[in-house]
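To keep things clear, I will list the structure first and then write my remarks on it.
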Protein chains: 2
Amino acid sequence: LIQLQDLCKTYDLGEVQVRALRPTTLSIEAGEYVALLGPSGSGKSTLMNLLGCLDQPTSGSYSLDGVEVAKMSRDARSRIRNEKIGFVFQNFNLLARTSALENVELPLMYAGHQSHRQRRAKATDLLAKVGLADRLGHHPSQLSGGQQQRVAIARALVNEPAILLGDEPTGNLDTRTSQEVMGLFGELNRQGITVIMVTHEQDVARHARRLIVLRDGDVIADTEQFER
Amino acid sequence: LIQLQDLCKTYDLGEVQVRALRPTTLSIEAGEYVALLGPSGSGKSTLMNLLGCLDQPTSGSYSLDGVEVAKMSRDARSRIRNEKIGFVFQNFNLLARTSALENVELPLMYAGHQSHRQRRAKATDLLAKVGLADRLGHHPSQLSGGQQQRVAIARALVNEPAILLGDEPTGNLDTRTSQEVMGLFGELNRQGITVIMVTHEQDVARHARRLIVLRDGDVIADTEQFER
Ligand SMILES: Nc1ncnc2c1ncn2[C@@H]1O[C@H](COP(=O)(O)OP(=O)(O)OP(=O)(O)O)[C@@H](O)[C@H]1O
Ligand SMILES: Nc1ncnc2c1ncn2[C@@H]1O[C@H](COP(=O)(O)OP(=O)(O)OP(=O)(O)O)[C@@H](O)[C@H]1O
Ligand SMILES: [Mg+2]
Ligand SMILES: [Mg+2]
């Protein structure tokens with residue numbers, strides 16, 4: 001499903017170059033459950049943004065479902081993001097002036113093939129699943145940190161993506177809510193959805209089958225772990 | 001040092017009222033180390049914003065160092081925040097168009113009694129302490145999530161506050177960086193600084209002497225725990 005070949009990202013700040021991700025080669029099969037670990041600043045979000053087609057690599061190749069992402073048009077990339085990928089961002093990226101419900105409906109509106117009533121029902125349903133049934137009308141500034149994170153999670157799932165990317169998706173959640181969310185992700189993975197999760201918490205990482213560890217932009221470990 | 005008497009915060013959204021913090025009475029002595037726990041949405045950040053003099057309660061009293069906060073002028077509150085309180089926000093609240101270094105220098109500029117060179121030295125020193133010596137000139141958008149969080153931590157500490165308030169201060173940090181930061185907070189607490197930390201992580205909560213647990217805006221537990 002995902003094939004990276006010498007994929008690399010360098011930020012050019014004039015006098016200094018930050019090699020956020022060094023040439024990385026790896027592949028991820030459909031249906032895998034991957035945890036991406038590593039110290040702060042090691043390149044995890046950089047890799048996730050490349051995987052999510054939000055950012056262009058400095059060099060190297062990224063083939064998604066057989067198509068070279070770098071060669072896609074902007075529209076094609078935008079459509080892939082909307083149809084195939086659900087992304088829970090490290091800083092949520094919610095629209096400030098719209099309600100929780102509208103934030104979650106947004107990907108459905110871009111997809112375009114559902115009625116207003118179907119979108120509303122679907123978004124309401126997902127928000128209820130993450131415990132926010134009584135916060136539908138709240139704007140992000142009227143929500144707690146963990147509630148904002150859960151809106152971001154619902155939004156990532158609403159278009160039933162084939163690939164779920166989560167960048168510290170439970171970082172602001174208490175243990176119990178976090179377990180509920182991980183249960184939901186596990187259920188989706190069993191249904192065939194490819195899950196790639198950045199985390200620094202062992203309780204989240206233990207749900208994954210495969211662990212990829214980054215340090216200073218390099219993959220230093222890529223192993224399988226089994227249920228425990 | 002801190003005395004709350006029936007302190008309460010209700011958000012009025014027209015058709016519905018959100019009772020974020022119910023009348024709460026408790027006191028915190030100078031030099032205590034408190035962990036504030038509870039589910040997502042239980043009122044932790046609401047309580048922290050009241051303690052940090054960033055928000056006004058709906059009712060009740062908050063006395064800080066013997067002075068009733070609600071009766072202070074805006075300037076007096078602003079001065080207290082700058083001189084006595086260091087706040088690490090759940091969403092960092094960094095200035096987007098300024099560098100890490102300038103973000104950390106900002107409280108020193110408001111305090112007003114140091115030269116440009118002294119401010120620069122102090123801010124540089126703190127950023128080095130949290131491992132960001134090579135990121136001084138980066139703007140927040142050029143920093144990883146955990147790096148932004150560390151800039152927020154350095155900024156909270158630069159004015160040597162008497163009270164350190166941290167709202168999930170290590171939520172975006174890997175285990176090792178998190179331990180370094182907790183080590184720094186522990187050192188400050190031993191020097192007499194009052195530390196109040198919101199967290200949902202056991203590894204953070206275990207550093208505190210006192211645990212206060214919130215649920216639905218109520219304090220449901222207030223206990224002491226000892227080193228283990
Ligand atoms: N401006 C606001 N208007 C309306 N309701 C609000 C507002 N701010 C917060 N709330 C509500 O108040 C409650 C408490 O919020 P608070 O941010 O204190 O929770 P929290 O314990 O910090 O949660 P988390 O662990 O998720 O950060 C939440 O249910 C939230 O929806
Ligand atoms: N726009 C940018 N310009 C310059 N450097 C950047 C930029 N974005 C990120 N970096 C740098 O690239 C490195 C990797 O960043 P990245 O966000 O991928 O780290 P991360 O592993 O997600 O860290 P964290 O766990 O703290 O979120 C960091 O050292 C960061 O300072
Ligand atoms: Mg990151
Ligand atoms: Mg909060």
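All chains are named by letter (A, B, ...) in the order of the sequence lines, taking the proteins before the strands, and each is independently numbered beginning at 1.
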Which atoms form the tightest heavy-atom contact between B/Asp174 and A/His200, and what is the distance? CA-CB, 3.7 Å
Select one option (side chain, backbone, both, neither) describing which atoms of A/Gln142 are under 4.5 Å from chain B's heavy atoms. side chain
Leading residue by heavy atom contact count with chain B [cutoff under 4.5 Å; candidates A/Arg176, A/Arg135, A/Glu201, A/Gln147]: A/Glu201
Structural part of A/Val198 lying under 4.5 Å from a heavy atom of chain B: neither
Check whether any side-chain heavy atom of B/Arg150 sits under 4.5 Å from a side-chain heavy atom of A/Ser40, and report yes or no. yes
Among B/Asn91, B/Asp203, B/Leu13, B/Thr199, residue most engaged with chain A (heavy-atom pairs, under 4.5 Å): B/Leu13
When you check the side-chain N and O atoms of A/Glu168 and B/Asn172, is any donor under 3.5 Å from an acceptor? no
